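Nothing here was measured: the structure is a model prediction, and the numbers come from that model.
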Amino acid sequence: MNNPLGVAVVGIGPQQWSNVAHLPAINATDGVELVRLVTSTPESAQRAQSTWNVPAGHELQQALDDEAVDIVTVTVRVARHAEIASAAIAAGKHLYCEWPLGIDADQARELAALSDAHPGKVHLVGLQGRLSPALREAADVIADGTIGRPVAASVQVFVSQSLHPRPLHRAHLRHRSASANVLSIQGGHTLDMLLALLGDPGPVHSARVWTAIDEFTVLETGEKLPRDAPDNVAALLEVGGIPVTAQFSQTSARSFSTIEILGTEGSLLIEAPDQPQMSPLTVIVRKLDGTPVPLPTEVPAVGGGLDPSHPGFNVALAYRHLVDAVTGARSVAALPTFHRAVTMHDFVDAIDARARTPLG
């Protein structure tokens, strides 16, 4: 692409997802170019500018007024997503907003309506796991009938976040109201990947969400703060008309994820060493007698080339898809749009509502 699309990233920090995934992905992807950074303070803007060697400031409007900015990427706290995304859409920018899109389904619906009012622009939500080449390969296996008709499935994600001290700048995550917990993050990303394989969400038959670790330990000081954000989920769901058991936990000593689909003629297992949207996936397919079904093992490189083990690998794919949608090389429908975000917000909210229903 002769003239790459300029990207302004809103939300920068050494240990933040933007630095871990978005900035490496932008730098590795043909068709996009980092042109501006937006931080929270003049001091952090100065640090960001010297680190990444692009203009940086602490005022969003500067980025929105910059004609070199074609895409605004929103990576700040969930509570500010709607405010920044709305301003970027109104300014006529393409948009990559991290998941969750808003603090709840109602806010996501408002943003989807705003997106619909600007059909000439591409607005993407950060459910990048569904773009994984390995997941698409798994979807092809299901579609071509290799495992027969899917009859049951299970998903699980286990990480250790709640067991360890964390930096002070992450302390807001201890509040349920932050809308960034085990259900919305680990649950939301993984369930969206399951939907990409099986179809639409159905009823939530039962669910329990709880806080096993009720203290947040500040890494820098050792101070212990009260915590009410859930860190464990167990649920019985339906997706694509089949039953799904789901378990998500932030209190595991070992990190790993699995998505397993059982069919009338075999099974499909997806394994990851961490959260599946940011980890390399291994796809294992077996017939009923246990015979393995060989699959291609080479995962295609992305643009200038992040390794598939890099946390930003699928994020780079999302930018590639975004560029293709902007230039007309790919349908916008192939992207996780804001309407996809609404579907996932509704599903996550339904699980949370079911979890709040008294037993008995």
Residues two or more places apart in sequence or in another chain: which of them pass side chain to side chain contact (heavy atoms under 4.5 Å, CB included) with [X]?
X	value
Ser162	Ile213, Arg227, Asp231, Gln250, Thr251
Thr245	Ser154, Leu236
Asp307	Ser309
Val20	Trp17, Pro311

Which residue pairs satisfy the ring pair (Phe, Tyr, Trp, His ring centres under 6.0 Å) criterion with at least one member in [range], sequence neighbours excluded?
range	result
residues 209-228	none
residues 244-285	Phe158-Phe256
residues 119-147	His123-Phe338

Would the distance check show the side chain of [X] and the main-chain N or O of [Y] forming a donor-acceptor pair, the cut-off being under 3.5 Å?
X	Y	answer
Thr211	Ala229	yes
His345	Leu101	yes
Lys287	Thr146	yes
Trp99	Ser184	yes
His118	Ala90	no
Ser44	Thr39	no
Ser50	Arg47	yes
Asp324	Ala329	no
His189	Ile185	no

Decide yes or no for [X] and [Y]: does some side-chain heavy atom of the first lie under 4.5 Å from some side-chain heavy atom of the second?
X	Y	value
Met344	Leu127	yes
Leu23	Trp52	yes
Asn19	Thr51	no
Arg208	Arg354	no
Val209	Asn232	no
Thr337	Ser115	no
Asp346	Arg109	yes
Val159	Gln186	yes

Nearest non-hydrogen partners of [X] and [Y], listed with the distance:
X	Y	result
Gly312	Ala21	CA-CB, 3.7 Å
Pro201	Leu195	CD-CD2, 3.5 Å
Asp228	His175	OD1-CA, 3.2 Å
Gly266	Leu288	N-CD2, 3.6 Å
Thr75	His22	CG2-CD2, 3.7 Å
Leu131	Ala318	CD1-CA, 3.5 Å

In this structure, would [X] and [Y] fall into the same cluster of hydrophobic residues linked by side-chain contacts under 4.5 Å?
X	Y	value
Leu262	Val283	no
Val78	Leu183	no
Leu237	Ile242	yes
Ile103	Phe347	no
Leu269	Met193	no

- prompt: Residues two or more places apart in sequence or in another chain: which of them pass salt bridge (Lys or Arg N to Asp or Glu O under 4.0 Å) with Glu215?
  reply: none
Just list the side-chain donor-acceptor pairs under 3.5 Å for residues 163-173, sequence neighbours left out, or say none.
{"from": "His164", "atom 1": "NE2", "to": "Ser160", "atom 2": "OG", "distance (Å)": "3.3"}
{"from": "His172", "atom 1": "ND1", "to": "Arg77", "atom 2": "NE", "distance (Å)": "3.4"}
{"from": "His172", "atom 1": "ND1", "to": "His169", "atom 2": "O", "distance (Å)": "3.4"}

query: For residues 127-136, which residue pairs qualify under side-chain hydrogen bond (donor to acceptor under 3.5 Å, both in side chains), counting only residues two or more places apart or in two chains?
result: Arg130-Asp192
task: Name all residues meeting the ring pair (Phe, Tyr, Trp, His ring centres under 6.0 Å) criterion together with His94; count only those two or more places apart in sequence or in a different chain, and write none if there are none.
output: none
Out of curiosity, [X] [atom1] to [Y] [atom2], how far, rounded to the nearest 0.5 Å?
X	Y	atom1	atom2	answer
Ile12	His58	CD1	NE2	15.0 Å
Leu322	Thr327	CG	OG1	9.5 Å
Arg36	Gln62	CZ	CD	5.5 Å

field: Crowding at CZ, Arg286 (>12 non-hydrogen neighbours, <6.0 Å)
entry: no
- request: Answer yes or no: are there more than 12 heavy-atom neighbours, outside Asp144 itself, under 6.0 Å from its atom CG?
  value: yes
Leu95 and Lys121: CA distance, side-chain angles, deciding distance, side-chain contact (heavy atoms from CB on, under 4.5 Å) verdict: CA-CA 8 Å; Leu95 185 63; Lys121 299 298 178 180; over 6 Å; no
field: Residue pairs involving residues 265-281 (criterion salt bridge (Lys or Arg N to Asp or Glu O under 4.0 Å); sequence neighbours excluded)
entry: none
- request: Just do the side chain to side chain donor-acceptor pair (under 3.5 Å) check on Gln277 and Gln275 with the steps written out, would you?
  value: CA-CA 6 Å; Gln277 77 278 9; Gln275 299 176 59; 3.1 Å; yes
task: Applying side chain to side chain donor-acceptor pair (under 3.5 Å), run through His205 and Glu238 and close with a yes or a no.
output: CA-CA 8 Å; His205 294 287; Glu238 280 189 34; 2.7 Å; yes
query: Hey, mind stepping through Val323 and Leu5 against side-chain contact (heavy atoms from CB on, under 4.5 Å) and telling me if it holds?
result: CA-CA 8 Å; Val323 170; Leu5 300 174; 4.2 Å; yes
Asp214 and Arg174 ion-paired at < 4.0 Å: no
